[in-house]
Student: 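Input: one structure, supplied below.
Counting starts at 1 for both ligands and their atoms, in listed order. Heads up: numbering here begins at 1 and tracks the sequence.
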Amino acid sequence: MAKIYLTDTTLRDGSHTVSHQFSPEDVAKVAKALDEAGIDLIEIGHGDGLTGSTINYGFSNYKELDVIRAAAGVVKRAKVTVLLIPGIGSVEDLEEAVHAGATAVRVATHVTEADVAEQHIKAAKKMGLWTVGFLMMAHMADAERVLQEAKKMESYGADVVYCTDSAGAMLPADVTEKISLLKANLSIPIGFHSHNNLGLAIANSIAAVDAGATYIDGSLSGLGAGAGNTPTDTLVAVFNRMGLEHGADLYKTMDASTEALAPVLLSKGVTAQTNLDALICGYAGVYSSFMLHARRASARFGVDLRDILIELGRRRAVGGQEDWIIEVANEIAQNKVK
Ligand SMILES: C[C@H](O)CC(=O)C(=O)O
Ligand SMILES: [Mn+2]
């Protein structure tokens with residue numbers, strides 16, 4: 001299987017959840033954690049993209065260029081990415097974003113209107129940006145039409161083209177059909193962006209990868225418009241379990257959710273959506289009832305709770321073997337576990 005590249009959109013699609021009020025300080029904190037976790041592209045800005053801060057889409061209290069500068073100031077290896085919807089943002093806005101530190105752009109249009117992105121994609125390429133074509137509301141067109149529009153974006157010079165399930169309306173079979181057709185007929189990589197309205201964001205992302213997509217989106221704790229995006233933390237766990245090659249570190253991605261994003265959300269009165277305790281039990285393959293005992297053992301022996309659960313899963317521990325939790329924690333503390 002080809003390497004998967006992860007785009008995290010907590011600080012852009014997730015902005016919808018906080019009415020576009022991520023401050024430059026919030027952005028710096030979360031972007032740094034995402035970069036350290038190994039995420040490839042970090043998308044930032046107003047939920048509706050460059051110059052989305054209007055009466056129509058909701059004003060942000062922060063200057064867009066300050067937000068971009070804040071991310072660019074802390075990100076060392078990921079691409080600092082902005083969204084540009086032609087008609088809301090312009091080529092001039094993109095130039096300013098580049099001066100502030102943006103290194104990649106996603107040019108987004110309705111799925112049947114790729115034509116309006118021609119000027120913007122070509123201009124972005126001239127600016128030296130990693131340029132992604134982003135076909136929104138992909139459920140509203142059949143696979144053939146999505147392909148025609150994606151081909152236009154490819155011909156304008158896009159580096160990647162995305163099938164975007166903006167409404168969270170697609171079923172895994174729809175994803176398989178659309179991504180397979182794109183994969184068979186395009187020379188550039190294919191991406192997939194999902195929303196969880198039908199509870200299918202992870203299943204659809206898996207279907208996309210199986211059909212040949214290599215760029216997959218997520219957001220920490222699933223923060224995003226509607227039911228939210230595919231949770232990046234869960235995505236990393238699932239991709240690890242599938243044995244896929246990608247650049248992200250599971251613990252650091254989870255920590256980005258709990259230690260960087262959660263306090264920022266709390267300060268705005270919003271609670272993160274993913275239950276990371278449940279995630280790590282599923283990842284380890286242990287009973288969720290082990291959690292309480294493992295948490296106590298973690299505190300007692302000063303070892304990472306996740307290491308305990310993963311080791312118990314490796315040993316195939318089942319209910320009735322709770323005494324093993326202390327033993328495993330003790331062994332980890334003494335470096336006896338490889
Ligand atoms: C403007 C939208 O929020 C872009 C997006 O993330 C989607 O269509 O989904
Ligand atoms: Mn979205």
Student: By side chain to side chain contact (heavy atoms under 4.5 Å, CB included), which residues pair with Ala329, not counting sequence neighbours?
Tutor: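 So Ala329 forms a side chain to side chain contact (heavy atoms under 4.5 Å, CB included) with Ala297, Phe301, Val303, Ile308.
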Student: If the criterion is any heavy atom closer than 4.0 Å to an atom of ligand 1, which residues make the list?
Tutor: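 Lining ligand 1 at under 4.0 Å, by heavy atoms, one finds Arg12, Asp13, His16, Gly47, Asp48, Ile85, Phe134, Met136, Thr164, Ser166, His193, His195.
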Student: Could you check whether atom NZ of Lys268 has more than 12 heavy atoms from other residues, nucleotides or ligands sitting under 6.0 Å from it?
Tutor: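 Yes - once you tally the heavy atoms of other residues, nucleotides and ligands closer than 6.0 Å, there are more than 12.
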Student: May I ask you to decide whether Asp255 forms a salt bridge with Arg306, counting only side-chain N to carboxylate O separations under 4.0 Å?
Tutor: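 Here Asp255 pairs with Arg306 in a salt bridge, since their nearest N and O are under 4.0 Å apart.
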Student: Tell me whether Asp40 is salt-bridged to Lys79, with the criterion being a basic N under 4.0 Å from an acidic carboxylate O.
Tutor: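 Salt bridge: no.
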Student: With a cut-off of 2.8 Å, does any N, O or S atom of Asp13 fall short of it relative to the Mn ion (ligand 2)?
Tutor: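 Looking at Asp13, which is the residue asked about, there is an N, O or S atom under 2.8 Å from the Mn ion (ligand 2).
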Student: Is the His193-Phe134 ring centre distance short of 6.0 angstrom?
Tutor: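 Here the rings of Phe134 and His193 have centres that are less than 6.0 Å from each other.
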Student: Quick one: are Val30 and Phe22 in side-chain contact, heavy atoms under 4.5 Å?
Tutor: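 Contact flag for Val30/Phe22 side chains = no.
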Student: I'd like to know if the side chain of Thr54 and the backbone of Gly52 have a donor-acceptor N/O pair within less than 3.5 Å.
Tutor: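 Yes.
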Student: Tell me, which N, O or S atom in His195 is closest to the Mn ion (ligand 2)?
Tutor: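 Nearest N/O/S atom of His195: NE2.
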